[in-house]
Protein chains: 2
Amino acid sequence: MDTTQDTRKKEPRTELPRIGGRVLPAGCPSRALLGDITSKWGVLVLVGLSEGPRRWSDLRHGIDGISEKMLAQTLRTLETDGLVARDAKPVVPPYVEYSLTGDGAEVTALLLPLLDWVQAHVSQGRTTAFPG
Amino acid sequence: MDTTQDTRKKEPRTELPRIGGRVLPAGCPSRALLGDITSKWGVLVLVGLSEGPRRWSDLRHGIDGISEKMLAQTLRTLETDGLVARDAKPVVPPYVEYSLTGDGAEVTALLLPLLDWVQAHVSQGRTTAFPG
DNA sequence: CAGCATCCGCTTCGATACTG
DNA sequence: CAGTATCGAAGCGGATGCTG
């Protein structure tokens, strides 16, 4: 998306920032991709496609609370990242299907356990501070 | 589950939004918790604590690009969610250590594979120029 | 050292309207 | 049905300054 070319303004730092034994410098592509995947709607769209191809309207109604703008934007971003494939059939009533690519399926497979954990955890009646 | 008369604003349609065979209604606690975990800095803070307790300054320098405000805010949010524990030692030079709770460790364990996948995927020379 | 308070730009997001 | 375009509000997030 952006990939802002950050040209080290005035940061005479020489050490590499490590988190969890990993290196994820600010402004590197991994940060951007991670951001797309873990974005508010990104994760929900990916999971929404985890069971198979879905049409635009299916996603629109299946993902509660998403607006058309955000759905379009998220799908486009994920498509650019190579995680989602778009298949538009040239028929009179427009028929567009979205599906996960191989990469998208891999990521989503890693995302699903997280979703399940969150749901299971909340169900245990632990979270308090949200009116909903 | 909650779904306890959630209509504080306007909820004309409260159907069964299913994504990936799961139900995650907008405004439910799972959405909020998921948002905290997958937020821009949330995931990085959790991973930063994955190897053991860390001090404030360690996190501040270890997580490239994070500001003091965001670090404090993220830590506080994760603490409220019960994922991070704060241990302030009453010594003259303030010594505060943050660590993962049991729940936090579980979530982070699910997060790490995702981080690894993203890094590995980007490293395959797909994106624009950026070594690290 | 470990924060919190304030200002404020800039992105994100939702609502609405319009197109093929 | 499947989007695109535009606008304005909300809040995310950074810089700075202050406290214990």
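The analysis underlying the following values was restricted to heavy atoms, covering all of them including side chains, and did not include hydrogens, waters or symmetry mates. Given the structure is predicted, the values throughout are model-derived calculations rather than measurements. Protein chains get the first letters and strands the later ones, always in sequence-line order, with residue 1 at the start of each.
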Quick one: salt bridge (charged side-chain N to carboxylate O under 4.0 Å, His left out) partners of [X], sequence neighbours excluded?
X: B:E106; value: none
X: A:R60; value: A:E68
X: B:E79; value: none

Between [N] ([atom2]) and [X] ([atom1]): distance, integer Å:
X: B:L71; N: C:dC4; atom1: CG; atom2: P; value: 10 Å
X: B:I63; N: D:dG13; atom1: CD1; atom2: P; value: 13 Å
X: A:H61; N: D:dC1; atom1: NE2; atom2: P; value: 8 Å
X: B:I66; N: D:dG14; atom1: CD1; atom2: P; value: 8 Å
X: B:R54; N: C:dG3; atom1: CZ; atom2: P; value: 16 Å
X: A:L44; N: C:dC13; atom1: CG; atom2: C1'; value: 15 Å
X: A:K89; N: C:dG20; atom1: NZ; atom2: C1'; value: 19 Å
X: A:Q73; N: C:dC13; atom1: CD; atom2: P; value: 7 Å

| query | Taking only residues two or more places apart in sequence or in another chain, which ones pass side-chain contact (heavy atoms from CB on, under 4.5 Å) with A:T38? | reply |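 Here the qualifying residues are A:L34, B:T38, B:L114.
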
| said: I'd like to check the side-chain contact (heavy atoms from CB on, under 4.5 Å) partners of A:S99; sequence neighbours left out, ordered by chain and number. | reply: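 For A:S99 the side-chain contact (heavy atoms from CB on, under 4.5 Å) partners, ignoring immediate neighbours, are A:P53, A:A85.
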
| Between the axis at one end of the helix from C:dC1-D:dG20 to C:dG20-D:dC1 and the axis at the other (five pairs apiece), what's the angle to 10 degrees? |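 The angle separating the two end axes equals 50°.
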
| remark: Counting primed atoms, P, OP1 and OP2 as sugar-phosphate and everything else as base, the B/S/- map of nucleotides 2-9 of chain D against protein heavy atoms under 4.0 Å is SBB-BB--

| task | Return the minimal non-hydrogen interatomic distance between B:V84 and B:Y98, and the atom names on each side. | result |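 Answer, listing the atom of B:V84 first, then B:Y98: CG1-CD2, 4.0 Å.
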
| B:L111 versus B:I37, closest heavy-atom pair with distance |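 Taking every non-hydrogen atom into account, CD2-CG2, 4.0 Å.
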
| said: Using a 4.5 Å cut-off between side-chain heavy atoms of Ile, Leu, Val, Met, Phe, Trp and Tyr, which other residues end up in the same hydrophobic cluster as B:V91? | reply: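 Its cluster mates, by chain and number, are B:Y95.
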
| query | Looking at residues at least two apart in the chain, or sitting in another chain, which of them share a ring-ring contact (aromatic ring centres under 6.0 Å, His included) with A:W56? | reply |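 If we apply the ring-ring contact (aromatic ring centres under 6.0 Å, His included) test to A:W56, skipping adjacent residues, there are no hits.
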
